[in-house]
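Some notes on the structure that comes next.
In what follows, chains are A, B, ... by sequence order, proteins preceding strands, each numbered from 1.
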There are 2 protein chains.
Amino acid sequence: MAKVTLQTIADRLGVSRATVSYAFSRPDQVSAELRRRVMEVADELGYAGPNPTARSLRLGRAGALGLLFSETLAYAFADPYAVGFFQGLATAAEDAGVGLLILPLPRGDQRTEPVRNAVVDAFCVVSLPDGHPALDEVLARKLPVVVVDEPYVPGHPFLGIDEPAAGALAARHVLELGHRRLGVAMVGLHDDGHIGWSDVSRQRAATFEAMRGRRDGYQAAAEEAGVDWARVPFYELSRNSREAGRQAGHALLAANPRPTAILTNTDVLALGVLDAAADLGLDVPGELSVVGFSDSAAQDAGLTTIRQAKQEIGAEAGRLLLGGAPARPGRVLFPHELIVRASTAPPPPEPP
Amino acid sequence: MAKVTLQTIADRLGVSRATVSYAFSRPDQVSAELRRRVMEVADELGYAGPNPTARSLRLGRAGALGLLFSETLAYAFADPYAVGFFQGLATAAEDAGVGLLILPLPRGDQRTEPVRNAVVDAFCVVSLPDGHPALDEVLARKLPVVVVDEPYVPGHPFLGIDEPAAGALAARHVLELGHRRLGVAMVGLHDDGHIGWSDVSRQRAATFEAMRGRRDGYQAAAEEAGVDWARVPFYELSRNSREAGRQAGHALLAANPRPTAILTNTDVLALGVLDAAADLGLDVPGELSVVGFSDSAAQDAGLTTIRQAKQEIGAEAGRLLLGGAPARPGRVLFPHELIVRASTAPPPPEPP
DNA sequence: CCTGCCTCCTTAATCAATTAAGACCTTAAT
DNA sequence: ATTAAGGTCTTAATTGATTAAGGAGGCAGG
């Protein structure tokens with residue numbers, strides 16, 4: 001079972017390789033009769049058509065879009081926000097008839113060969129921490145690039161929301177309800193696996209730009225309302241899971257004085273905080289208000305959250321990369337919206 | 001900004017292309033000094049390293065695994081079962097340092113070019129209906145193939161569960177609790193978009209082998225217990241969503257006599273059935289028992305379901321395709337397990 | 001008969017690399 | 001001095017296709 005190429009078929013039929021190529025890719029350049037015989041021999045030899053790699057090389061297009069996540073894929077797909085974004089992007093790829101090449105970036109691993117070796121026409125980068133080596137590798141490839149959420153790369157299109165504004169919107173909501181004792185649970189600030197309390201300087205040093213911005217928004221709104229941010233208990237997680245949220249919830253709710261409102265930067269985390277409240281027999285929203293983020297898992301739980309256009313962002317990323325027109329660099333900010341549900345209410349009256 | 005290749009660098013330095021290639025791929029074949037200069041010039045010219053496509057062609061490997069879903073990706077990722085499987089596969093791909101090329105197969109579309117043109121080393125096919133043209137295309141490529149869930153292709157490895165046994169296990173559970181008036185809601189039997197009642201001959205003609213098998217299991221267990229299957233109301237859906245489940249639930253619960261137990265082939269559908277029951281003020285499990293499938297979204301809702309090893313199946317698929325050793329053809333069946341939670345109980349006493 | 005025009009096919013350059021084999025020079029051992 | 005052994009680089013074949021340009025033959029019109 002030697003390898004079968006165009007040449008094999010050409011030799012069998014006593015024609016040139018070029019003719020066989022035309023038979024496959026431009027039927028009208030070849031007589032119907034000869035084309036029939038070409039297909040016949042191809043079938044007989046089990047030839048499935050021109051080798052895609054060779055074709056890609058000659059044509060200069062790969063027929064695929066590269067996708068980079070910071071997280072292990074197993075994590076990425078556990079996050080409903082990522083799934084929503086992915087759906088939008090996948091639909092765009094479908095429409096364009098190109099594949100989506102998901103590139104593995106093992107956690108903490110500095111090996112970036114996958115990026116170097118990826119057979120793609122463009123890259124979509126999602127949520128990479130500042131200074132991640134894979135990003136340099138992507139930029140070195142000199143292919144069209146779109147960055148989603150973070151980090152902003154001057155000279156390339158960026159898609160996301162106005163994070164500080166969205167964060168401020170969430171915080172202002174509870175502040176306007178009258179809350180003054182806040183607590184915060186956030187995931188995805190740093191890449192170092194830290195779990196636990198985080199002071200202001202550590203918060204500010206977060207390596208993920210989007211989450212840093214979201215937090216800045218929290219702080220700005222809090223200070224605007226006269227809350228001393230340095231006193232706001234801030235619990236950091238390394239995994240975006242319900243269980244992690246519960247852990248943060250227990251830590252925050254054990255603080256003295258106990259927060260009356262907890263801000264989280266993902267809905268999944270917020271669900272975990274609700275679990276913690278339930279564990280302690282606290283009434284939500286009577287005794288505790290909880291705000292999520294993304295409106296990805298919030299509806300059933302009646303969670304107040306910030307909605308962002310996940311799928312639209314994915315679709316737009318696809319359009320920019322596959323649409324042919326060279327994308328304009330600069331930030332494209334998508335709208336966000338506060339969705340008030342049943343997890344927030346005014347704080348309980350102060351104990352006398 | 002002309003194209004920069006190995007040759008460009010070679011010319012600049014007055015060395016041969018081969019030398020530059022060695023500098024990149026086999027540092028010890030070239031003097032340290034020259035290698036340094038090569039890298040210097042490469043940097044200066046903005047050369048990111050050998051062209052991946054040309055490399056792939058020459059080396060004969062693509063560095064990617066092709067993945068085929070029957071569904072639009074947007075659907076596929078809405079299903080927690082698919083996400084779980086995908087996580088397992090992605091982890092295996094990560095370990096092997098290869099990418100995962102997701103191939104778009106627009107619904108009903110007969111265009112299979114994406115499969116023909118995919119630059120991959122192997123294919124993983126998930127849940128394709130019988131006779132889907134993309135499968136022929138995949139087989140024609142003569143690359144390693146693993147099929148997951150369906151359809152079974154003689155001569156290639158197959159991974160999945162014993163569907164008839166799993167279906168029978170689910171049905172037997174409610175039958176043994178004493179239920180005799182069953183109802184069934186299933187998605188993914190046919191590819192024709194049909195929504196509504198389905199008679200036995202249509203059920204039997206389902207084009208998705210796995211779901212057909214699962215249904216066969218339901219029927220076998222029912223008949224074993226003396227239930228006349230032709231009388232069992234059977235509602236078919238075309239989308240696996242909670243809303244679809246609710247629709248099926250309403251249809252089934254309006255049947256006369258009303259079923260006391262409803263079997264569904266996905267957890268998501270089961271959640272929708274629970275919604276319908278809640279709409280009607282029916283107590284679950286007091287007045288109605290509901291069984292899901294996959295244990296993918298069941299835990300929080302207290303759903304009785306069949307657990308299957310989603311991630312393990314994905315991981316094994318990856319291992320078979322990337323492990324180097326040629327995979328043995330034939331079926332590999334993974335274990336399944338009945339998880340009894342709070343959605344099933346004995347039927348209410350017959351009205352006198 | 002000559003010319004022009006089709007149709008159908010071939011020639012040959014090209015895409016961007018990898019790598020076995022060989023050339024050339026230096027150094028070390030016999 | 002001779003030979004062998006390394007180290008470093010070059011030559012040239014190879015991977016499997018695409019496609020512009022050109023040639024051969026047939027046919028119609030002047």
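- Regarding contacts with the backbone of D:dT15, every side-chain N or O of A:Thr53 stays at 4.0 angstrom or more from both OP1 and OP2.
- A salt bridge between A:Arg12 and A:Glu44 is present, with a side-chain N of the basic residue lying under 4.0 Å from a carboxylate O of the acidic one.
- Between B:Phe69 and B:Phe85, the angle of the ring planes goes over 60°, which puts this pair in the perpendicular group of the 30/60° scheme.
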Donor-acceptor pairs are to be reported for all side-chain atoms of residues 312-334 of chain B against protein atoms at under 3.5 Å, with residues two or more places apart or in another chain.
unit_1   : atom_1 : unit_2   : atom_2 : d
B:Glu316 : OE1    : B:Arg319 : NH1    : 2.6

Checklist entry - Taking protein heavy atoms under 4.0 Å as touching, what does nucleotides 18-25 of chain D look like 5' to 3' if B marks base contact, S marks sugar-phosphate-only contact and - marks none? => result BBB-----
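- For the pair A:Tyr47 and D:dG16, the criterion of a side-chain N or O lying under 4.0 Å from OP1 or OP2 is not met.
- Salt bridge annotation for B:Glu137-B:Arg141: absent, with no cationic side-chain nitrogen under 4.0 angstrom from a carboxylate oxygen.
- Ring planes of A:Tyr47 and A:Phe24: perpendicular class, angle over 60° (limits at 30 and 60°).
- Phosphate proximity of C:dC9 to A:Ser31: present, with a side-chain N or O under 4.0 Å from OP1 or OP2.
- For A:Asp28 and C:dC6, the CG to P distance is 15 Å, given to the nearest whole Å.
- For the helix from C:dC1-D:dG30 to C:dT30-D:dA1, the end axes, each set by the C1' atoms of five terminal pairs, are bent relative to each other by 60° (nearest 10°).
- Across the protein-nucleic acid pair, B:Asn51 atom CG and C:dT18 atom P stand 9 Å apart, rounded to whole Å.
- One interatomic measurement links the two molecules: CG of A:Asp11 to C1' of C:dT10, which rounds to 14 Å at whole-angstrom precision.
- Counting heavy atoms of neighbouring residues, nucleotides and ligands inside a 6.0 Å radius, atom CZ of A:Arg37 exceeds 12 of them.
- With a 4.5 Å cut-off on side-chain heavy atoms, A:Thr8 and A:Asp11 do not count as touching.
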